Amino acid sequence: MRSSLWVVPFFALVLQQAFFRAVLVFELWTEWVPIWPLETEGTIAAMQAIISLALSFIVFTFGSLLVAIQIASGQLTPRIIATTLLRDNVIRFTVGLFIFTLLFAIGAISRVSTQALSPIMWISGILGVLSLAAFLYFIDYSARLLRPVSIIHRVAEQGFAVIEAVYPGPLSDADERPQPDEPCEKPGNIVLHVGSSDIILAVDVKALTIQAHRADGVIELAARVGDFVSSGQPLFRLYGGAKAIPAKDLRNSVVFGRERTIEQDPTFAFRVIVDIASKALSKAINDPTTAVLAIDQLQRLLRSVGGRELSNEYVRDAQGRLRVVFPTPNWEDFVQLTFREIRIYGAENLQIARRLHAMIDDLEAVLPESRKDALAIERNLLDQTIDKVYLLPEDAALAHIADTQGLGGSPKA
């Protein structure tokens, strides 16, 4: 629903029907409305103009959106279609306004032949003016939306939201203490995935915890959010009294889909931004500046992840007993996802090499000691790659210097 463009326009259609009938019912209460100044012929012409404008706006909006999706997915990544473009509320509500105006004007023109109702005509005129203003705003908004920096920033903001939801607690000493191991005994029952092979989009962990508590057992999710699960593959492992829980109830707590979404998948925002950077660094596009913009947002996201407690895959009930094992990414997963592909594709570019060094310097300066080992590994790999790909020692020395702008900024001494 969140990545469906039709939702708001559909409700606009329903709202128009209800609002139009409400205006007719309360016509007697609107005697204070000025008389509509146009005669019958002028009113018909005005309503036809509004209908034509609204219909043209709808056609142009959807046509330009399809072209924009093709261009953006080709230049950036197809993953932004569902995560950004189809979720944009400005696009949704603009199309909804056009449909509302179109249907309201059609209803108004059908009543001109009998009597020109002033409230309906005035509302139609106002909606026509609002639609024109909304269309002009939409053109400017779309031009700004499709810039790479806007897309990357939007994905990063969604990433911040899901990181806060999945990892709500700040980093503390508890993050350093060893976590309880998974149940050592063999599972009493294994629930397999049935139906079509899909990707896990979300899991109702709270419902699973309640079920495990009632059954006095432990439920282990065999895959994590974002994993592809084929038909017949293990989905749950049940321990203790949890083996008596009906498989249907367990399956109902998991949402599947064809494409990964960002709601409960904290690494997906990283994945989308890394894909944008990787495509920008390809020989066909060769746009390292866009990759630098992507690294800017990855640095912000890593800062947020590094300051949070990530060892939350063991979910306990109110009595402190282990009830659900829910695998989530750890710090090394985030760091490797952020650095490895960008380093492999872009270390031979001075902008990327210097910007990666600057990101590592910044993260080491603000994150606790427990986060620095993974960063040290990435710094070592980056230095080795630079020494290997640069033939001239002067270029290699320049690539080793951290620069927050990639090339042309103020490097640290």
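Please read these numbers as outputs of a predicted model, since none were measured by experiment.
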Could you tell me whether the side chain of [Y] reaches within less than 4.5 Å of the side chain of [X], counting heavy atoms only?
X    : Y    : answer
R321 : R316 : no
Q211 : D249 : yes
R371 : E364 : no
E259 : I199 : no
L208 : V203 : yes
L391 : D395 : no
D275 : K279 : no
F339 : L298 : no

What's the separation between atom [atom1] in [X] and atom [atom2] in [Y], rounded to the nearest 0.5 Å?
X    : Y    : atom1 : atom2 : result
D403 : D361 : CG    : CG    : 11.0 Å
L407 : Q405 : CG    : CD    : 9.5 Å
I120 : I109 : CD1   : CD1   : 12.5 Å
T328 : F326 : OG1   : CZ    : 7.0 Å
I106 : I50  : CD1   : CD1   : 11.5 Å
I152 : I273 : CD1   : CD1   : 7.0 Å

Hey, is [atom1] on [X] packed in by over 12 heavy atoms from elsewhere, all under 6.0 Å?
X    : atom1 : value
R214 : CZ    : no
F228 : CZ    : yes
R258 : CZ    : no
K372 : NZ    : yes
L136 : CG    : yes

side-chain contact (heavy atoms from CB on, under 4.5 Å) evaluation trace for I295 with I342: CA-CA 9 Å; I295 295 173; I342 296 178; 4.1 Å; yes
Looking only at heavy atoms, which two atoms of [X] and [Y] are closest? And how far apart?
X    : Y    : result
G346 : L281 : CA-CD1, 3.8 Å
A212 : R323 : CB-O, 3.5 Å
L97  : A134 : CD2-CB, 3.7 Å
L301 : F270 : CB-CZ, 3.4 Å
L171 : G306 : CD2-O, 3.8 Å
S131 : F98  : O-CE2, 3.4 Å

Check step by step if side-chain contact (heavy atoms from CB on, under 4.5 Å) holds for L235 and L250. CA-CA 9 Å; L235 185 60; L250 295 172; over 6 Å; no
Between E378 and L381, does a side-chain contact (heavy atoms from CB on, under 4.5 Å) hold up when you go through it step by step? CA-CA 5 Å; E378 298 303 325; L381 292 173; 4.2 Å; yes
Test your reading of the model: is there a side-chain donor-acceptor pair from [X] to the backbone of [Y], 3.5 Å cut-off?
X    : Y    : result
R354 : L398 : yes
S253 : A207 : no
R21  : Q16  : no
S231 : V194 : no
S304 : F160 : no
Q233 : S230 : yes
T94  : I91  : no
Y390 : E348 : yes
D383 : N380 : no

Check the angle between the aromatic planes of F100 and F104 and answer parallel, tilted or perpendicular using the 30° and 60° thresholds. parallel
What is the ring orientation for F334 with Y167, classed by angle as parallel under 30°, tilted 30 to 60°, or perpendicular over 60°? perpendicular
Salt bridge or not between [X] and [Y]? Use side-chain N to carboxylate O under 4.0 Å.
X    : Y    : result
K186 : E220 : no
D362 : R300 : no
R271 : D265 : no

side-chain contact (heavy atoms from CB on, under 4.5 Å) between M359 and D296, worked out: CA-CA 8 Å; M359 176 164 60; D296 292 342; over 6 Å; no
F135-F60 aromatic ring centre distance below 6.0 Å: yes
Show, in sequence, the C-alpha distance, side-chain angles and deciding distance for T267 and R224, and conclude whether the side chain to side chain donor-acceptor pair (under 3.5 Å) test is met. CA-CA 11 Å; T267 59; R224 73 184 190 186; 5.0 Å; no
Show your reasoning for whether side chain to side chain donor-acceptor pair (under 3.5 Å) applies to D198 and H193. CA-CA 10 Å; D198 285 315; H193 175 55; 5.3 Å; no
Have R355 and T404 got a donor and an acceptor in their side chains that come within less than 3.5 Å? no
